[in-house]
Amino acid sequence: MQKTGLFLAMSSTMIVVIIGFTIFLEGHSRSNLERQARLGSLQTLTVIRSNLERELNKALFQLGALVAYISVNPEIASEDFNIFTQNLFRKKSHIISLGAAPDMVIKYVYPYEENKAALGHDYRDLESQRELAFLAKDTGQQVMAGPLTSIQGWHVLIARAPVFLAEDSEHKAAGSFWGLVSVLIDAEELFNSAGIQNEAYDISMRGRDAKGHDGEVFYGNTDSFAGENMSLSVNVPGGSWQLSATPKVKQNSLSREIMTIRLVGLFLCLTVITFTSFRLRHIREQNLAEKKLARALLEAEKANRAKSEFLAKMSHELRTPLNAIIGFSDLISSIMQNKTDEGKVGEYASDINQSGYHLLEIINEILDLSKVEAGNFTTSIDTIYIQDIAEQSLRLTRNAITKAELETINKISDDLPSLQSDERMIRQIFYNLVSNAIKFTPPGGTITLSASQQQDGAMKITITDTGIGMSEEDLVVAMQTFGQADSHMVRSQQGTGLGLPLVKAFMELLGGEISIQSEVGVGTEVTLLFPVIFSTENMA
């Protein structure tokens with residue numbers, strides 16, 4: 001009896017321990033699954049926020065360009081407005097229309113036919129838009145209205161910015177308020193491009209008119225912000241939005257895991273020590289994995305934030321002076337065309353103009369590379385001829401070739417077959433490679449272009465120069481984003497270090513291959529290999 005009692009006591013103790021430990025494991029499993037769900041929703045919201053801010057920055061860049069243009073051309077004619085805004089519309093940024101309202105009255109719209117109903121409206125008489133219009137005027141900053149239904153009947157976001165004169169005019173002094181410019185953004189298209197339609201989570205947004213926590217819910221479920229769901233802020237002009245994510249399907253693995261623990265506790269009492277050791281080890285590994293995941297998410301969020309802040313700062317800090325430089329220099333150049341004895345003004349205007357376009361080229365390269373890295377760069381397949389692309393690249397760089405005292409040899413035959421590819425990307429590839437060859441080839445050197453069709457039908461293109469060349473270490477650096485080889489001549493040249501990385505990214509998108517052979521003091525040979533026909537299914 002004593003042994004039986006001792007055995008029962010030990011068994012009871014073991015059962016109590018098993019029950020207690022089972023309860024503990026249940027609670028811990030619930031916490032782990034909840035933490036994983038929160039980390040998953042945080043990751044999803046971080047990606048969506050980054051996409052929203054990036055897509056908004058595209059439209060706001062166009063708005064800033066229009067502000068800068070009008071500030072130096074306050075007496076703009078409707079035809080000039082249409083020409084300028086037509087160029088802005090070539091950028092894919094979800095823009096529906098652009099408008100300008102001198103003295104708060106809408107006078108210019110583009111496209112005209114779809115938006116002419118808005119002409120003549122005075123923001124002071126539009127109750128739904130008056131408050132934000134005057135907020136933009138009073139603060140001198142961009143503001144965001146919506147989502148709302150526009151005068152034209154579209155579901156849009158409206159970004160507005162005030163325009164102040166850059167110089168004295170007949171009626172107003174420099175710095176005077178000219179009026180407002182606005183851009184209408186397709187709200188649904190913007191949200192969808194940012195990935196707001198998610199398979200795992202129902203995404204909700206609040207903060208209409210950029211009012212953040214205090215704004216109403218304009219997308220998704222109102223109750224999403226009332227529970228313990230994760231939420232993040234999205235920076236927009238004049239305020240912010242709030243994002244929230246609700247899992248579409250609740251975790252069903254919880255009940256299975258708890259049932260397993262209970263069955264092990266009931267039927268495997270004799271293996272409780274082994275089971276406990278295994279479970280504790282599993283928990284430790286799980287915690288380590290969660291910490292690694294948390295650190296990875298934190299680093300990803302920091303990288304995304306740094307990238308968004310960099311692009312936002314680039315567009316905010318450079319777009320106004322950049323367009324002012326181009327606008328003033330174009331004006332000076334136009335005046336100088338009709339005068340002969342103006343000293344160095346014409347030369348200075350040309351320098352200003354070249355500097356402005358150089359800055360614009362840098363911004364375009366950075367944005368193109370960002371789009372490629374984000375997987376948002378689209379291709380347009382057309383029939384192109386390498387002969388035409390090569391000749392155009394040499395024409396565009398003719399002045400630089402002459403100034404550098406170089407010789408160019410074009411060995412590309414006129415009877416080569418055409419390619420099915422993206423013409424813009426091919427042009428950019430040729431221009432970048434020829435420009436690099438010009439920069440890094442001393443006077444008296446030679447640049448040679450050649451092409452041939454291989455036996456398997458592929459098109460092989462070679463661009464060779466007799467420049468300074470690169471070592472293997474320099475070549476590795478040059479192929480990295482913002483990388484430049486460590487030599488005096490390289491450092492003395494202007495550029496972002498994006499030329500070769502952008503060429504490599506474009507070649508990968510087009511399904512081609514690039515190889516570079518270079519020797520210090522001898523020169524560099526870049527070989528491009530294109531299939532003759534591309535399948536659009538392989539395009540990004």
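Everything numeric here is computed off the predicted structure, so don't read it as measured data.
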Is any side-chain heavy atom of [X] less than 4.5 Å from a side-chain heavy atom of [Y]?
{"X": "T524", "Y": "T464", "value": "no"}
{"X": "V236", "Y": "L52", "value": "no"}
{"X": "L39", "Y": "L293", "value": "yes"}
{"X": "V526", "Y": "T462", "value": "no"}
{"X": "V47", "Y": "T44", "value": "no"}
{"X": "L66", "Y": "F81", "value": "yes"}
{"X": "L56", "Y": "M144", "value": "yes"}
{"X": "V183", "Y": "L157", "value": "no"}

Side chains of [X] and [Y] only: does a donor on one sit below 3.5 Å from an acceptor on the other?
{"X": "S452", "Y": "Q454", "value": "yes"}
{"X": "S240", "Y": "N235", "value": "no"}
{"X": "T383", "Y": "Q420", "value": "yes"}
{"X": "R54", "Y": "N57", "value": "no"}
{"X": "Q242", "Y": "S233", "value": "yes"}

- Begin from the C-alpha positions of T448 and K411 and carry the test side chain to side chain contact (heavy atoms under 4.5 Å, CB included) through to its verdict. CA-CA 7 Å; T448 304; K411 295 183 178 179; 4.0 Å; yes
Does [X] have more than 12 heavy atoms from other residues, nucleotides or ligands lying within 6.0 Å of its [atom1]?
{"X": "E513", "atom1": "CD", "answer": "no"}
{"X": "Q517", "atom1": "CD", "answer": "no"}
{"X": "Y219", "atom1": "OH", "answer": "yes"}

Please confirm whether the backbone N or O of [Y] pairs with a side-chain atom of [X], one donor and one acceptor, at under 3.5 Å?
{"X": "T85", "Y": "N82", "result": "yes"}
{"X": "S193", "Y": "L190", "result": "yes"}
{"X": "S435", "Y": "N432", "result": "no"}
{"X": "E519", "Y": "M470", "result": "no"}
{"X": "W178", "Y": "P74", "result": "yes"}
{"X": "Q387", "Y": "D414", "result": "yes"}
{"X": "Y110", "Y": "G99", "result": "no"}
{"X": "D422", "Y": "M425", "result": "yes"}

Between atom [atom1] of [X] and atom [atom2] of [Y], what is the distance when rounded to the nearest 0.5 Å?
{"X": "M507", "Y": "L500", "atom1": "CE", "atom2": "CG", "result": "12.5 Å"}
{"X": "L529", "Y": "M459", "atom1": "CG", "atom2": "CE", "result": "10.0 Å"}
{"X": "I96", "Y": "I185", "atom1": "CD1", "atom2": "CD1", "result": "9.0 Å"}
{"X": "M205", "Y": "L232", "atom1": "CE", "atom2": "CG", "result": "11.5 Å"}
{"X": "I386", "Y": "I384", "atom1": "CD1", "atom2": "CD1", "result": "5.0 Å"}
{"X": "L510", "Y": "I429", "atom1": "CG", "atom2": "CD1", "result": "5.5 Å"}

Looking at every heavy atom in both [X] and [Y], which two are closest together, and how far apart are they?
{"X": "T466", "Y": "G445", "result": "OG1-CA, 3.3 Å"}
{"X": "A210", "Y": "P237", "result": "CB-O, 3.8 Å"}
{"X": "P162", "Y": "V67", "result": "O-CG1, 3.8 Å"}
{"X": "D465", "Y": "A437", "result": "OD2-CB, 3.7 Å"}
{"X": "F430", "Y": "S393", "result": "CB-OG, 3.3 Å"}
{"X": "Y108", "Y": "A77", "result": "CE2-C, 4.2 Å"}

- Check the pair I447 / I438 against side chain to side chain contact (heavy atoms under 4.5 Å, CB included), numbers first and verdict last. CA-CA 8 Å; I447 300 173; I438 294 171; 3.7 Å; yes
- With side chain to side chain contact (heavy atoms under 4.5 Å, CB included) as the test, would you mind laying out the steps for L297 and T46 before giving the verdict? CA-CA 9 Å; L297 289 176; T46 299; over 6 Å; no
- Where do Q142 and L63 land on the side chain to side chain contact (heavy atoms under 4.5 Å, CB included) test, with the steps shown first? CA-CA 9 Å; Q142 294 180 352; L63 181 63; 4.0 Å; yes
